[in-house]
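In what follows, a single structure is set out as structure tokens and then discussed.
Only a predicted model underlies this, so the values are computations on that prediction, with no experimental measurement involved.
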Amino acid sequence: MDLLRSRGHEVALFSMADPRGPATDYDRHFVPLADFKQKGGLAAKAGLALRAVYSTEARTRIAATIEDFRPDVAHVRNIYHHLSPSILWELKSHTVPVLYHINDFKLICPNYNLISSSGDICERCTGGRFWNVVREGCYAGGAAPSAVLAAEAYFHRWIATYEKCVNLILAPSQFAKQKLIENADRWVRDRIEVLAHFQNCPSQIVSYPGLDAPILYFGRLSAEKGVDDLLAAMQRLPELQLVVAGDGPRRAQLELLAKNLSLNNVTFVGHVSGAALDDLIAGSQFTVFPSRAYETMGKSILESYAQGRAVVASDLGSRRELVEEGQTGLLYKVKDVRQLSSVIAFLRDHPEQARKMGTAGRELVRERHSQEQHVQSLERIYETLIRAKKAEIQKSARSLLPASVRLSEPKRLSIALIGGRGVIGKYSGIESCYEEVGGRLAEMGHEVTAYCRRYFTPKTPEYRGMRIVRLPTIRTKHLDTLVHTLLSTIHACFSSCDVVHYHTLGPSLFSFLPRLFGKKTVVSVQGLDWQRKKWGEVAGRALKFCEWTSARLPNTTVVVSRVLQEYYRSRYAKGCTYVPNGTRIRKRRIGNYLQSMELTPDGYALFLGRFSPEKNCHLLIEAFERLDTPMKLVLAGGSSHTDDYVARLRRHRSDRIRILDWISGDALEEVLTNAAIFVLPSDLEGLSLALLDAMGAGVCVLASDVPENAEALGDTGFIFRRGDVDDLQRMLALLLGDPVLREKSGQLAQSRVRQNYLWEEAAKEMETVYFSLFALSQRTSATQKEAA
């Protein structure tokens, strides 16, 4: 979870309450702790049994969590007993895609691991013959708990819980995948993927410890782990020491067996974990895993490889995928004690080969089981599930659209965009959204109308496939947006549009009007505009009221950052849809503009945007003027009803500091893609388009530590304390003096944009939002009819 959070994802935990766990924001929804092993009366035991099969309490509590957190996807694992599969039905009812991550074979074996009471392989329950868990007595808890396990398996197979609620099963090995396909229901075949566990490698490994070092077994001490076989093998190798690290139900019997076999060369050290376990592995010649069970994935083998130690393992199940015979370790026939002792003796007698195998195992981990590869694969799986969900919503919505909207030709919806100044002359993020999202929606077959201000947009009937409607306004600081939005809304109300999409807080004031005419309305919130320093007290209060209208008046509210999404959730109990702004991948542009401005590639720091007080351009200038650097500072932008502030900035123009007007087209591409760093020192942001553009251009970014900037950058850029000129100066000096660091940061930023912030994806997300409005209204209508 922490790894996903570090990459900019919002993650919440739902589980059974446990005082040993860290506190979370959703602890109040956790299922209370229940002891299934406690002694009690018949009624108490019956209650626990029912809870294990289908917990209504867990379903109610996860419903509250879903309402609070609004997940895009649910990654489910280890839900048995305390939560029960009932939660899968609640996730389905909220259309949350479910990724079911298996660590055992519970779907085909009520006893979890396909093992008998003796610890040997058992597949009697496969194919739905779950009664065998009672008949065979393989579950250590006794007949009654075994009957509950069988009942749970039959019940959820009968109501098709997993088939109907699970979108994808994630198996840790090809073997586990194949075993489920062979023995589970047919639906599994098309809904299962493999993602192996990851394993971090220490930066340095301890050198091979020599022949006096012991060999090591670590893991659970239970019948299926085959430690009995290992002890029998050690009887043949009295001169070799074995350390057994672990605990479990057979520890006492194993210690007694070692005593009866007079094994003075075997030491039991109990459960060991963390750094102490790493030290044990590093201090061994090699490790041994004599398991008699299939195992879904041998995580212990990866831990051994990470420390550069070869592995001896039984030739069964998933271990064949991890142990490359003769390359990273040796395999032996399960329960063949003679062969086990022989392969152990071989590695002991060939220490150089054991060392090379350990080195090869470490490389295998680095190449196939790295944390970075794992999380990237996980993100890809999440994205695939989310896209499939959105496609399903669109499909459902189209089938529910009114006949006037449900068209077979490419034009599917008629969409009006209101709130921006217009198109062609980009001024801020709103105008960019008009062009980039609106233009792509038009390419996707929708009829898009962009309402523009006459003074801003040249006279043209169409632009990038969008119909242009130019309307007048009163061009003053406080009336410009208000008047134009009102006129645009009136025009849209009497048009044939299906959806009216308002941008920013102010225009949301009118978002109820089109609804009176049977149209759907959407408000996109780019930021909390009332916080901007350019607004006086009265205007600020008015915009604060418009924050309320943005949450309450439209059919749905869209926000561009997770920070804003959480703000609306906590302040208004409003579940907003997250659709981030976008950008595109840019390559370095070579032209004549830089030369005309006496600038050189990688020779300047850059700011792009409005010159307004909350952008803190004055702070950037002050910090830069303190530096002794051959670099220059370029600020490109213009006034946003802040002429006095701009005039103060322009007094600092010099050979080192260039303050330019708005630039666009080739000039903008050239200035942006050749910058050494991009700096965003603002006190307030929503999701800065200029910051995303810089990231998409592969430019190193330095931004203030406002939450929205930190969210966008993830771990790909640099931040400084907002308003702190000394910290800004320090970071400027660091980055301007380190071209290698800048280049690496720029590459990471561009990769992050590819994954999260492309306009193509933003347009698809917005299309899903529009279609979901019609699906929701039809479902509500159907519910009302049923209630009547």
May I ask you to decide whether D498 forms a salt bridge with R412, counting only side-chain N to carboxylate O separations under 4.0 Å? no

Indicate whether any N or O donor in one side chain lies under 3.5 Å from an N or O acceptor in the other, for R319 and S314. yes

Please collect all side-chain hydrogen bond (donor to acceptor under 3.5 Å, both in side chains) contacts where either partner lies in residues 106-116, sequence neighbours excluded, each pair once. H81-Y112, K106-E152, S116-S118

Scanning both residues in full, the closest heavy-atom pair of L13 with Y26 reads O-CB, 4.2 Å

Check R562 with E566, please: is the shortest side-chain N to carboxylate O separation under 4.0 Å? no

Check E224 with R250, please: is the shortest side-chain N to carboxylate O separation under 4.0 Å? no

With distance as the sole test, does H82 use its side chain to make a donor-acceptor pair with the main-chain N or O of M16 at under 3.5 Å? no

Heavy-atom closest pair, residues V133 and A150: CG1-CB, 3.8 Å

First locate atom CG of L114, then atom CG of N183, and finally report the distance between them rounded to the nearest 0.5 Å. 7.5 Å

Report yes or no: does S84 contribute a side-chain atom to a donor-acceptor pair with the main-chain N or O of S55 at less than 3.5 Å? yes

Just wondering, more than 12 heavy atoms not from R189 lying within 6.0 Å of its CZ? no

Which heavy atom in P97 sits nearest to a heavy atom in N167, and how many Å separate them? CA-OD1, 3.3 Å

Would you kindly say whether T65 and D68 are connected by a side-chain donor-acceptor distance under 3.5 Å? no

Decide yes or no for K179 and I108: does some side-chain heavy atom of the first lie under 4.5 Å from some side-chain heavy atom of the second? yes

Are Y154 and L149 close enough, and set up right, to give a side-chain contact (heavy atoms from CB on, under 4.5 Å), and what steps lead you there? CA-CA 9 Å; Y154 277 121; L149 291 175; over 6 Å; no

Look only at the side chain of R129 and the backbone of R124, and say whether a donor-acceptor pair between them is shorter than 3.5 Å. yes

Residues passing the side-chain hydrogen bond (donor to acceptor under 3.5 Å, both in side chains) test with R754, sequence neighbours excluded, are none

Return the orientation label for the Y54 and F155 ring planes: parallel under 30°, perpendicular over 60°, tilted otherwise. perpendicular

Using modelled atom types and a 3.5 Å cut-off, is there a donor and acceptor pairing between side-chain atoms of N555 and backbone atoms of T521? yes

Under 4.5 Å between any side-chain heavy atoms of F14 and L83, yes or no? yes

For A196, enumerate each residue passing the side chain to side chain contact (heavy atoms under 4.5 Å, CB included) test, keeping only those at least two apart in sequence or located in another chain. M297, H369

Give me the atom names and distance for the closest heavy-atom approach of Y139 to S146. CB-OG, 3.3 Å

Looking at H271, I'd like to know if its NE2 atom is crowded, meaning that more than 12 non-hydrogen atoms belonging to other residues, nucleotides or ligands lie closer than 6.0 Å. no

In terms of side-chain geometry, is the basic nitrogen of E90 or R61 positioned less than 4.0 Å from the acidic oxygen of its partner? no

Output for pair (L170 CG, H101 NE2), nearest 0.5 Å, gives 4.5 Å

Rounded to the nearest 0.5 Å, how far does CZ of R440 lie from NE2 of H446? 14.0 Å

Residue list, side-chain hydrogen bond (donor to acceptor under 3.5 Å, both in side chains) with D315, at least two apart or on another chain: R320

Has Q174 got a side-chain atom pairing as donor or acceptor with V194's backbone, closer than 3.5 angstrom? no

Any side-chain donor-acceptor pair under 3.5 Å between E379 and H9? yes

Under the side-chain contact (heavy atoms from CB on, under 4.5 Å) criterion, do L107 and I169 qualify, and how do the steps go? CA-CA 11 Å; L107 291 179; I169 296 174; 3.9 Å; yes

Between F218 and F289, is the ring pair (Phe, Tyr, Trp, His ring centres under 6.0 Å) condition met? List the steps. CA-CA 8 Å; F218 60 96; F289 300 103; 5.2 Å; yes

Side chains of L33 and D18: closer than 4.5 Å at any heavy-atom pair? no

Looking at F175 and E321, what are the two nearest heavy atoms and their distance? N-OE2, 2.5 Å

Only counting residues at least two apart or in another chain, list the ones meeting side-chain hydrogen bond (donor to acceptor under 3.5 Å, both in side chains) with E372. R7, Q376

Could you list the residues that satisfy side-chain hydrogen bond (donor to acceptor under 3.5 Å, both in side chains) with Q199, not counting sequence neighbours? K299

Do R569 and E10 meet the salt-bridge criterion of a basic N to acidic O distance under 4.0 Å? yes

Is the shortest side-chain heavy-atom distance between T161 and W89 below 4.5 Å? yes

Does S772 reach the main-chain N or O of V769 with its side chain, forming a donor-acceptor pair under 3.5 Å? yes

Is the shortest distance from a Lys or Arg side-chain nitrogen in R380 or E383 to a carboxylate oxygen in the other one below 4.0 Å? no

State, without any angle test, whether H501 and Y770 hold a side-chain donor-acceptor pair at a distance under 3.5 Å. yes

Donor-acceptor contact below 3.5 Å, side chain H156 vs main chain V53: yes

Pairwise distance OG(S222) to CD1(I115) - rounded to 0.5 angstrom: 6.5 Å

Within the side chain of Y305, is there an N or O that forms a donor-acceptor pair under 3.5 Å with the backbone of L322? yes

Strictly distance-based, threshold 3.5 Å: is any side-chain N or O of E295 a donor or acceptor partner for the main-chain N or O of S318? no

Where is the tightest heavy-atom contact between Y757 and L687, given as atom of each residue plus distance? CE2-CD2, 4.0 Å

Here the gap from H75 atom NE2 to L99 atom CG, rounded to the nearest 0.5 Å, amounts to 4.5 Å

Between K92 and L88, does a side-chain contact (heavy atoms from CB on, under 4.5 Å) hold up when you go through it step by step? CA-CA 6 Å; K92 177 180 173 62; L88 300 178; over 6 Å; no

Side chain of N756, backbone of R752: donor and acceptor closer than 3.5 Å? yes

Tell me, with the steps shown, if T556 and V523 meet side-chain contact (heavy atoms from CB on, under 4.5 Å). CA-CA 7 Å; T556 194; V523 169; over 6 Å; no

When you compare the side chain of V76 with that of I79, does any pair of heavy atoms fall below 4.5 Å? yes

I want to check something: taking the side chain as every heavy atom from C-beta on, are V579 and T768 in contact at a cut-off of under 4.5 Å? no

With distance as the sole criterion, is a donor-acceptor pair present between the side chains of R77 and N103 under 3.5 Å? yes

Tell me whether R157 is salt-bridged to E163, with the criterion being a basic N under 4.0 Å from an acidic carboxylate O. no

Starting from the C-alpha separation in whole Å, work towards a yes-or-no answer on side-chain hydrogen bond (donor to acceptor under 3.5 Å, both in side chains) for S561 and Y578. CA-CA 6 Å; S561 71; Y578 167 65; over 6 Å; no

Sub-4.5 Å side-chain heavy-atom contact between L316 and I121: yes

As an exercise, state the distance from CG of N132 to CZ of R135, rounded to the nearest 0.5 Å. 4.5 Å

